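Chain letters run A, B, ... following the sequence lines, proteins first, then strands; residues in each count from 1. Since the model is a prediction, treat every value here as computed from it, not as a measurement.
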Protein chains: 2
Amino acid sequence: MVGIADVARHAGVSTATVSRALSGGRNVSPVTRLRVEASAAQLGYVVSSTASSLASGRMKNIGVVVPFLNRWFFASVVEGAQQALQRHGYDLTLYNLTGGLEARRSVFEHFLLRQRVDAVIAVSLELSEHEVARLHALDKPLVGVGGPLAGVPTLTVDDLAVARLATEHLIALGHTRIAHIGGDKAFDLDFNLPTNRRFGYEAALAAAGIEARREDYRPADFTTAGGYQAAKQLLGRPHERPTAIFAASDEMAIGSLLAARDLGLVVPRDVSVIGVDDHEQAAFFGLSTVAQFPRQQGEKAVEVLMEELRPHPELRTGLNINMPFELVVRGSTARPPE
Amino acid sequence: MVGIADVARHAGVSTATVSRALSGGRNVSPVTRLRVEASAAQLGYVVSSTASSLASGRMKNIGVVVPFLNRWFFASVVEGAQQALQRHGYDLTLYNLTGGLEARRSVFEHFLLRQRVDAVIAVSLELSEHEVARLHALDKPLVGVGGPLAGVPTLTVDDLAVARLATEHLIALGHTRIAHIGGDKAFDLDFNLPTNRRFGYEAALAAAGIEARREDYRPADFTTAGGYQAAKQLLGRPHERPTAIFAASDEMAIGSLLAARDLGLVVPRDVSVIGVDDHEQAAFFGLSTVAQFPRQQGEKAVEVLMEELRPHPELRTGLNINMPFELVVRGSTARPPE
DNA sequence: ACCCGGTTTGCAAGCGATTGCAGCCAAGGT
DNA sequence: ACCTTGGCTGCAATCGCTTGCAAACCGGGT
């Protein structure tokens, strides 16, 4: 291993100077710095992150906690965060809570505590009080993405507004019989996102003077299969069939599209469908949707953290940061049948 | 911060003993160890990973390099690896190569070199000689998953056999006109997996005395949309239409299913479709497929590494480890139309 | 009582950087 | 010519833990 001492010798300076030259570079004359950099490059020197961390207390590493990795939204957030971190010279260590309660406990009781990360990004996580306490005990910056986290700055889209936008799009097209596929109980416990989307849907209907019928609401589990089932039920009744479906996620919306086809209905002639997310597959299915931008959310989370990690975090960010969303109209929505 | 010294004082022993008691626990009397553990628990002590790493040279951290995160296969491998690592008390730091050449360079020239990981898992990566050299220069264990890596122990399924299995399934059902959707040029550069699958397909046909027609092969990009396009072309010719399609991935197979429907064909009455992967969505679409088990591959990669990281890696694993695969028959394959 | 081998424990020297402090030097002011 | 000022640089302490080595201990054999 080539250490800092080797570089110092090679450049004819002290290790202190090497350290300063290679990091930040304040208080080093330009010519010295160049010499040091050249020596370092020539010797192939890379600072030992452990030694550096121990001495400085900075880890150059961010922990990202996700409930799953295998859903488009989460993977995208992680990808965005990862890329932004890389630009800043930070590593990303991933904590996945998929492994059940025991795994979850060990993350909070052990892994996050060993001084390995400078900060934590929690994606769509509903944390118990105890877990939040643990994190705060770390005394490290913490930012949330997508889940409402008590007392933690969180990036989120305004789910109510998102749902209203989607529903209003359908109303504007002339629909008056609009069904909604939302989250089921299990999801409601973890995030209150589904509930907010339902409220937004109801608010839009109410504003348009349309009555929200109980039978036009179906809970599902945010998967394509779930959306399929729900849509089959909604569309299965030949009379009294809704002319439009607003699904709380694109996966469920896609399931609805497939269900409609299987029932012999043509989208959008017989029924309109709109989702939320702008999932990878949405374009392929010609699905209208309200896009949110998870990659950007991941990136933004990193920016916020970098700001907080600055020596003097002047501009402390507020508690809730609203992320953009946007209506994307494709072929799955149109005016209702006469 | 509560440090090892505090625990030592509290337990009435030296820091050396605390260290030994909490890690491994060799050479510590049971009673002492219990006392130390109790003190540690009571004080909420967690070893500082940086200090520990610096002193011991062990990072308790594995680097995982992936080309994307947002594909089912990769995310699953990572999830599996992550879970296995967690069990062993290891962290996982993620390096994603999505960010383009510059990002890729920085991963190999900078991030991986800073002594932050004990070993590296490379998922479906085609590494340049220079990159492999860089990794070997690290002198750290390296294992590959899914991509053939020169001189590196690699877990992979036997793609030739997988393709043969799928094709033979179709042949056994009585099909003689079997099309194949494989990888396109761009993919072939990165992994030679698509090529192997094509060879397996051709081998199975040859073994059955069936001629492989050029026009029954279509390259695509491993996405649903790509599979859809390819299948439309294959099935678009009313006469001379193949009665079965073997797609090199489930995404493409699903695209084929949708294309068939859009052409007014009924699966499996008019055309059979089989894929590879056993993708999340395969069950929903009733897709027959040859399952591979990416989570298990991730887990297995970890086991292999743990073995190599042992003080005396007696049983060095061979260069290539074959992973299991399995035919899963669902509703998308049946005997050809009369 | 003494010696011996095996365990258990403590001492203290690292691990490889960072950084406060003090010294040095050159330039500018008087 | 002398002092000040401020920019560079080096010395050496420090971060918190691990581990080789040697001392202490313990029970049993002679």
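- Residue contacts for B:Val18: at a heavy-atom cut-off of 4.0 Å it reaches no nucleic acid atom on any strand shown.
- B:Leu22 places its CG atom 11 Å from the C1' atom of D:dC17, with the value rounded to the nearest Å.
- Between the CD atom of A:Gln296 and the CG atom of A:Leu155 there is a distance of 11.5 Å, given to the nearest 0.5 Å.
- There is a side-chain donor-acceptor pair under 3.5 Å between A:Gln82 and A:Gln86.
- A heavy-atom distance below 4.0 Å to DNA chain D is reached by none of the residues of residues 107-115 of chain A.
- Checking D:dG16, D:dT9, D:dC17 against the side-chain heavy atoms of B:Val47 singles out D:dC17 as nearest.
- For B:Thr15 and D:dG16, the shortest distance from a side-chain N or O to OP1 or OP2 is not below 4.0 Å.
- Note: CG (A:Asn27) to P (D:dG6) measures 13 Å, nearest angstrom.
- Residue contacts for B:Thr32: at a heavy-atom cut-off of 4.0 Å it reaches the sugar-phosphate backbone alone, with no base atom in range.
- Without hydrogens or angle criteria, B:Thr15 side chain to B:Ile4 main chain gives no donor-acceptor distance under 3.5 Å.
- Note that the OG atom of A:Ser48 and the CE atom of A:Met1 stand 6.5 Å from one another [nearest 0.5 Å].
- Backbone-only engagement by A:Ser29 is indicated by non-hydrogen atom pairs under 4.0 Å involving sugar-phosphate atoms exclusively.
- Side-chain nitrogen and oxygen atoms of B:Ser48 include none within less than 4.0 Å of the OP1 or OP2 phosphate oxygen of D:dG16.
- Between B:Arg20 and B:Ala51, the residue whose closest nucleotide on DNA chain D is further toward the 5' end is B:Ala51.
- Side chains of A:Ser76 and B:Asn70: a donor on one and an acceptor on the other come within 3.5 Å.
- Taking CG of B:Leu142 as the reference point, atom NE2 of B:His136 lies at 6.0 Å (rounded to 0.5 Å).
- Taking CG of B:Leu69 as the reference point, atom CG of B:Leu94 lies at 5.5 Å (rounded to 0.5 Å).
- Looking at heavy-atom distances under 4.0 Å, A:Arg58 makes contact with sugar-phosphate atoms alone, never a base.
- Taking OG of A:Ser124 as the start and CD of A:Gln297 as the end, the distance is 8.0 Å to the nearest 0.5 Å.
- Atom OG of A:Ser52 and atom CZ of B:Arg116 lie 8.5 Å apart (nearest 0.5 Å).
- Residue B:Ser19 places at least one side-chain N or O closer than 4.0 Å to OP1 or OP2 of D:dT18.
- Close approach of DNA chain C to chain B, defined as any atom under 4.0 Å from a non-hydrogen atom of the protein, starts and stops at C:dT8 to C:dG16.
- Heavy-atom nearest nucleotides on DNA chain C were determined for A:Gly3 and for B:Val28, and the one closer to the 5' end corresponds to B:Val28.
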